[in-house]
Amino acid sequence: LYYFKSQLEKAEAFFEKAIAYIDESDLENKVRTYGVKAWTEILLGKIEKGFENVRILESMIPKIDNPMILSQIYHYCSICYSWSGKDPSKSISYSQLSYRYADQFNYTLFLYSSLCSKAIAFFHQEKYDECLDNIRKAVEFGEHYKILIGISALSLIWMIGWVRDPRWDR
C-alpha cells in the first residue's frame, strides 16, 4: 500500500520485512518482492542497494521456467537499468525478453511495461526516434487496455525527448 501511495521509504522497510517471511522455494513471490524493492530503491536514489536486489533477481532467472514470471523478472531488471541510466543496452535486451515472454500469454500489463522501460532506455541512449516510437506504442496499448501506470512519467520523457532531438526546430 505504501508503494502505491508513493511513500517509498515506508514501502522499502516493509519489503525488507516481507522478504524475511518468503519461503526460499517461493520464487514467484520472491521475484515480485525483490523486483519492486529494487525499483523502489532506484527511485529513492539508492542505486547500489537497488542493484544488489537486481543481482539477486538475475541469479533467479535460471531457476524459473514459468514464462509469466520470466516476463516479470526481466521487466523488473529492465526498469532498474533504464530508470537508473546504468546500462540502457541491458535494459533494452531485458525489455525485449520481458515482451517476448509476456506475448506468449497476452500478459498485457507486462507487454505495456516492457515498452515503457525500453522507451526510457532509448531516452538515455539519446535515440529519440526509438524512444518516442516506444512511448507512442505504450500509450496506444495502455489506452486500449486501460493501463495508466507511469503515464505521467512517459509524457514527461516524451516532451524532453522531443526538445532534445536535434532535428526539432527550435
Side-chain angles (χ1 to χ4, degrees), residues 1-125 127 131 134 138 141-142 147-154 157:
L1 187 58
Y2 289 120
Y3 176 79
F4 292 105
K5 290 184 172 185
S6 296
Q7 297 176 349
L8 300 180
E9 292 85 3
K10 289 182 181 179
E12 181 185 25
F14 279 97
F15 290 135
E16 284 292 336
K17 291 178 183 180
I19 286 170
Y21 289 99
I22 299 173
D23 186 89
E24 189 63 32
S25 64
D26 187 355
L27 292 178
E28 185 173 341
N29 280 316
K30 284 175 71 175
V31 164
R32 290 181 180 138
T33 306
Y34 277 104
V36 179
K37 182 177 183 295
W39 190 10
T40 298
E41 290 164 343
I42 297 297
L43 292 173
L44 287 169
K46 300 177 180 180
I47 306 300
E48 285 312 310
K49 192 171 183 185
F51 276 97
E52 287 174 18
N53 291 297
V54 169
R55 286 186 285 279
I56 292 169
L57 288 167
E58 290 171 327
S59 74
M60 288 187 225
I61 292 170
K63 302 172 189 171
I64 298 171
D65 57 8
N66 181 332
M68 293 179 85
I69 304 302
L70 284 167
S71 178
Q72 291 174 27
I73 199 166
Y74 282 118
H75 169 65
Y76 291 131
C77 292
S78 174
I79 202 70
C80 290
Y81 281 108
S82 66
W83 273 104
S84 69
K86 189 170 183 166
D87 190 340
S89 295
K90 187 175 267 191
S91 175
I92 291 167
S93 175
Y94 280 169
S95 69
Q96 291 168 332
L97 287 165
S98 176
Y99 191 94
R100 187 173 58 197
Y101 284 114
D103 196 38
Q104 291 178 21
F105 293 94
N106 198 31
Y107 195 5
T108 56
L109 178 60
F110 285 88
L111 288 167
Y112 167 81
S113 297
S114 64
L115 291 169
C116 296
S117 59
K118 188 166 33 170
I120 296 163
F122 281 131
F123 176 83
H124 283 293
Q125 291 181 330
K127 294 180 178 178
C131 170
N134 277 276
F141 190 90
I147 302 171
L148 302 173
I149 299 168
I151 200 73
S152 58
L154 282 179
I157 290 167

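What you see is a predicted model, and the numbers here were worked out from it, not measured in a lab. Count residues from 1 along the sequence.
Atoms CG and CD1, on Asn29 and Ile69 in that order, are 8.5 Å from each other to the nearest 0.5 Å. Rounded to the nearest 0.5 Å, atoms CE (Met68) and CD (Gln72) are 7.5 Å apart. We find the CZ-SG distance between Arg55 and Cys77 to be 11.0 Å, quoted to the nearest 0.5 Å. In this structure, OG in Ser84 is found 5.5 Å from CD1 in Ile47, a value given to the nearest 0.5 Å. Atom NZ in Lys17 sits 14.5 Å away from atom OG1 in Thr33 (nearest 0.5 Å). Put simply, SG on Cys116 and CG on Leu111 are 11.0 Å apart, with the number rounded to the nearest 0.5 Å.
Checked against ring-ring contact (aromatic ring centres under 6.0 Å, His included), Phe105 has no partners two or more places apart in sequence or in another chain. Every residue meeting the side chain to side chain contact (heavy atoms under 4.5 Å, CB included) condition with Ala121, not counting sequence neighbours, appears here in chain and number order: Ser82, Pro88, Ser91, Ile92. Under the rule for a salt bridge (Lys or Arg N to Asp or Glu O under 4.0 Å), Lys63 has no partner lying at least two apart in sequence or in another chain. By the side chain to side chain contact (heavy atoms under 4.5 Å, CB included) test, Met60 pairs with Leu27, Lys30, Val31, Tyr34, Ile56, Leu57, Ile64, Ile73, sequence neighbours left out. Judged as a side-chain hydrogen bond (donor to acceptor under 3.5 Å, both in side chains), and not counting sequence neighbours, the contacts of Tyr81 are Glu58. Annotation: side-chain hydrogen bond (donor to acceptor under 3.5 Å, both in side chains) contacts of Thr108 (sequence neighbours excluded): none. Listed by chain and residue number, nothing satisfies the side-chain hydrogen bond (donor to acceptor under 3.5 Å, both in side chains) test with Asn134 (two or more places apart in sequence, or in another chain). Every residue two or more places apart in sequence or in another chain that forms a side-chain hydrogen bond (donor to acceptor under 3.5 Å, both in side chains) with Glu28 is listed here: Arg32. Annotation: side chain to side chain contact (heavy atoms under 4.5 Å, CB included) contacts of Ser114 (sequence neighbours excluded): Ser95, Ser98, Tyr99. Not counting sequence neighbours, the partners of Asp23 by the side chain to side chain contact (heavy atoms under 4.5 Å, CB included) test are Ser25, Asp26. The salt bridge (Lys or Arg N to Asp or Glu O under 4.0 Å) check on Glu16 picks up Lys37, with sequence neighbours excluded.
Taking each heavy atom of Ala38 and Asn53 in turn, the nearest pair found is CB-CB, 3.7 Å. The two atoms that bring Ile120 and Ile79 nearest to each other are CD1-CD1, 4.3 Å, heavy atoms only.
Classified by interplanar angle (parallel below 30°, tilted 30° to 60°, perpendicular above 60°), the ring pair Phe110/His75 is perpendicular.
Identified under the salt bridge (charged side-chain N to carboxylate O under 4.0 Å, His left out) test for residues 70-88, with sequence neighbours left out: Glu48-Lys86.
Distance alone, capped at 3.5 Å, is enough to place a donor-acceptor pair between the Thr40 side chain and the Val36 backbone.
Taking the side chain as every heavy atom from C-beta outward, Tyr76 and Val54 never approach each other to under 4.5 Å. Put simply, the side chain of Cys131 does not reach to within 4.5 Å of the side chain of His124, judged on heavy atoms.
A donor atom on one side chain and an acceptor atom on the other are not found under 3.5 Å apart for Ser78 and Gln96.
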